[in-house]
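Right, one structure below, let's go through it.
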Amino acid sequence: MSTSDAPAPPPAGLWGAFTATLKRDVTLALRRRGDVLNPLVFYALVITLFPIGISPDPERLALIAPGLLWVAALLAALLSLDTLFRGDFEDGTLEQLLLAPQPLTALVMAKVSVHWLLTGLPLSLMAPLLGAMLALPPGSYMVLALSLALGSASLSLIGAIGAALTVGLARGGALLSLLILPLYIPVLIFGTGAVQAAAMGGAGAYLAILGALLALALMLAPLAIAVSLRISING
Amino acid sequence: MWAFIHKFGSPKWFYAISARLEPWCWALAALALGVGTLWGLAVAPADYQQGESFRIIYVHVPAALLAQSIFVAMALSGLVFMVWKIKVADMAATVMAPFGAMMTFAALFSGAVWGIPTWGTWWEWDARLTSMLILLFLYLGVIALRGAFARRDSGARAASLLALVGVINIPIIKYSVEWWYTLHQSATFTLTSRPAMPASMWLPLLIMLVGFYSFFTALTLARTRSEIVKREGDKRWVRALVDKEL
Amino acid sequence: MSLRLQARELACERDDRVLFKGLDVTLDAGEILCVEGPNGSGKTTLLKILSGQLGDYTGELHYRGEPLRRCRERFLANLLYLGHSAGVKAGLTALENLAWYQALAGDAFDEAACERALEEIGLAGFEDVPVGKLSAGQARRVALARLALGYRELWILDEPFTAIDKHGVAGLERRLLAHAERGGSVVITTHHALGDMAGIRRLALGEQGHHGEAA
């Protein structure tokens, strides 16, 4: 038993707690496989709507493909954000996560990482296939996937702030979109910019900016998410 | 310092001080808005390129600048509220949000009106107008989030945090929108970035700016005072005050 | 030796409604403190403040003589809090749920210890069943198994008897007493009569600020 003047123990197994939370969320998600597939199906479906709604002409499609692929991926990632903390909030494990001795900023990073691993990453891997359907020049497939992988990590981080702010609200879903879509705009601009530039062979600068945005989000978002969760848990 | 912050933060003290400041702000606002409007509309020369329609600048620019300043002021008040738990700061942030949204809308509306004679269309995806539109969404988000919470304190904290996140993002959004615009623009010219304006044109603009900002200050003071009375209605000093005024 | 948990002049006001004020709470090693009061008297809020979850209070809160805000990490490492919601994931098995809690406590996964804890709480044979398939009472017991898993000196339990049958209640009461005997401390709220338990202190929260402490 510790006494009052015993030195504070080191942050009790931060890495262990991080990986356990990561593993727990991946396990849960893989047990409900439908929820993992939903954003991917949604993505394919939305992309299918555009040629039908606009025109099957490959030239016109190729012109707007970067924007379509990015906007649809952004909306697909948004789809699963609302459930990021909601399940934990309802069964009380969020409360327990907040009471863990480890820094909350690190533990929420585990949850956000799972969101990206199961949403952003599959979406970016799937994007070149949909790009081919929209007559995107084959030279830009790599940049498309890379820009989405980088960008969607920022989207997960920023989106998690909104999800944390609205988790205690009964109808948080609609509000969530209003809160975070405006914040998504810079990522969208540089993401589509990268894909458009790739056709001309100069996407490096855009990818670098996407990386810078991600670094900024990695620095600031975990803190904002942690504060938001503390606000919501007592809402 | 600490004591000062808390003293200024106490609703009672703020109520008393702002009562003395408020009339001066109103007076300054009335004066500047009156002089600025007359000067801008009647005295200042017409623009050689845009003619009379350029006079919209005297509403558009102050509204746009004020709209952005209010967001920053709102976020700072939110920060003060979150860090020092000063309730008055949150009351101020509460009343600032709708006015800020209104100013953003005013800037968008005046921009649209201005667009008809200049561009021949009321909406153009101009970098500044686009940024203003996004700012409007940010305001709406803050207002909606505050209203969505059942407990006022939680709503206040959530809105403060969102305003802070927004204020960090505003410069990023602005620069990225400008980047996007220069990438896509066809040759139109921006409404307000003009070569050197003669003093007879920018002086009234400056006066209008002073007018807008003092109007905002006066209105915020007044509305914060009424918010204090509303929220602190059961405190003894508020009751005494109400009794006295009745 | 300073008291384990001490609150002085604690006051909580939420949205201009005073839940309690001028509240003094002390808790020492080996003590069980039962917080009582009608619905809405602020029992849950008090427990959330005492467990460091809620920041909007005035007054002082000390853990082992140190302000709670300054020793938060050490405090949380020694705290076990059970709230209204059980805090177990329906999609995971009982064992997986406990494994997560073990990791949060900074311990390596110890399957034998988890199984022992589940057995003690009366869930032997249900280790690998997803909690969602268990009854409400059984799910609650998974949460209670944390009491038997590793030692934390301070327990703060908000209505732990919810959905637990008579037999389970008796077992839990014994567990609380054993914890106190070992030198642990407990703060508990319950609608259940903890009648025949010796050495319990009671703290009554009442209407706006009227409260008292009785032995």
Side-chain angles (χ1 to χ4, degrees), chain A residues 1-36 83 85-104 106-107 110-111 168 227 229-235, chain C residues 1-4 14 29 45 48-49 51-56 62-66 70-93 96-97 99-109 130-132 139 143 146 151 153 156 158 182-184:
Chain A
M1 225 191 299
S2 63
T3 56
S4 63
D5 48 11
L14 177 54
W15 180 245
F18 180 88
T19 48
T21 308
L22 197 90
K23 199 178 132 211
R24 184 198 73 161
D25 277 22
V26 171
T27 312
L28 278 168
L30 293 183
R31 286 197 186 149
R32 305 176 51 116
R33 228 155 282 172
D35 289 0
V36 181
T83 53
F85 297 114
R86 194 166 293 277
D88 288 4
F89 179 78
E90 279 162 4
D91 61 24
T93 46
L94 187 63
E95 193 176 39
Q96 297 292 339
L97 192 79
L98 266 59
L99 280 171
Q102 295 85 3
L104 184 58
L107 296 180
K111 290 195 70 68
V227 174
L229 285 177
R230 292 204 194 282
I231 294 167
S232 282
I233 202 90
N234 292 312
Chain C
M1 171 99 188
S2 33
L3 289 166
R4 184 154 288 166
R14 306 196 88 188
T45 307
K48 284 193 169 179
I49 290 174
S51 58
Q53 295 186 69
L54 199 59
D56 27 328
H62 290 267
Y63 171 67
R64 285 176 171 274
E66 239 185 298
R70 240 182 292 153
C71 58
R72 197 178 159 75
E73 195 182 285
R74 193 150 55 89
F75 170 72
L76 290 178
N78 288 308
L79 166 75
L80 198 158
Y81 172 88
L82 284 184
H84 277 197
S85 336
V88 287
K89 297 231 73 101
L92 296 179
T93 67
E96 286 167 329
N97 269 299
W100 182 61
Y101 280 113
Q102 255 186 344
L104 285 193
D107 302 328
F109 177 50
V131 171
R146 292 176 58 205
Y151 178 81
E153 63 176 24
I156 296 186
D158 198 354
R182 259 177 98 177

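In the text below, chain A, chain B and the rest are named by the order of the sequence lines, each starting its count at 1. This structure is a prediction, so every number in the text was calculated from the model and none was measured. The figures here come from the full heavy-atom set of this structure, side chains too, leaving out hydrogens, waters and symmetry mates.
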Distance-only, no hydrogens or angles: does the C:Glu96 side chain make a donor-acceptor pair with backbone N or O of A:Arg24 under 3.5 Å?
no

Separation between CH2 of C:Trp100 and CG of A:Leu28, rounded to the nearest 0.5 Å:
10.5 Å

For A:Asp91, give me all partners under side-chain contact (heavy atoms from CB on, under 4.5 Å), at least two apart in sequence or on another chain.
A:Thr93, C:Lys89

In short, C:Tyr81 meets A:Gln96 closest at the heavy-atom pair O-NE2, 2.8 Å

Is atom CZ of C:Arg70 surrounded by more than 12 heavy atoms (other residues, nucleotides or ligands) closer than 6.0 Å?
no

Please state whether the side chain, the backbone, both or neither of C:Phe75 comes within less than 4.5 Å of a heavy atom of chain A.
neither

Looking only at heavy atoms, which two atoms of C:Ala103 and A:Gly16 are closest? And how far apart?
CB-O, 3.9 Å

Go through C:Gly87, C:Gly52, C:Pro130 and name the one with the most non-hydrogen pairs under 4.5 angstrom from chain A.
C:Gly87

Please state whether the side chain, the backbone, both or neither of A:Thr19 comes within less than 4.5 Å of a heavy atom of chain C.
neither

Heavy-atom donor-acceptor pair, A:Arg31 side chain to C:Gly91 backbone, under 3.5 Å:
yes

Contact part of A:Leu99 toward chain C, heavy-atom cut-off under 4.5 Å: side chain, backbone, both or neither?
both

Side chain, backbone, both or neither of A:Leu97 within contact of chain C (heavy atoms, under 4.5 Å):
both

Counting only non-hydrogen atoms closer than 4.5 Å, does A:Arg32 touch chain C with its backbone (N, CA, C, O), its side chain (CB onward), both, or neither?
neither

Compare every heavy atom of C:Gln53 with every heavy atom of A:Asn234, then report the nearest pair and how far apart it is.
ND2-O, 3.4 Å

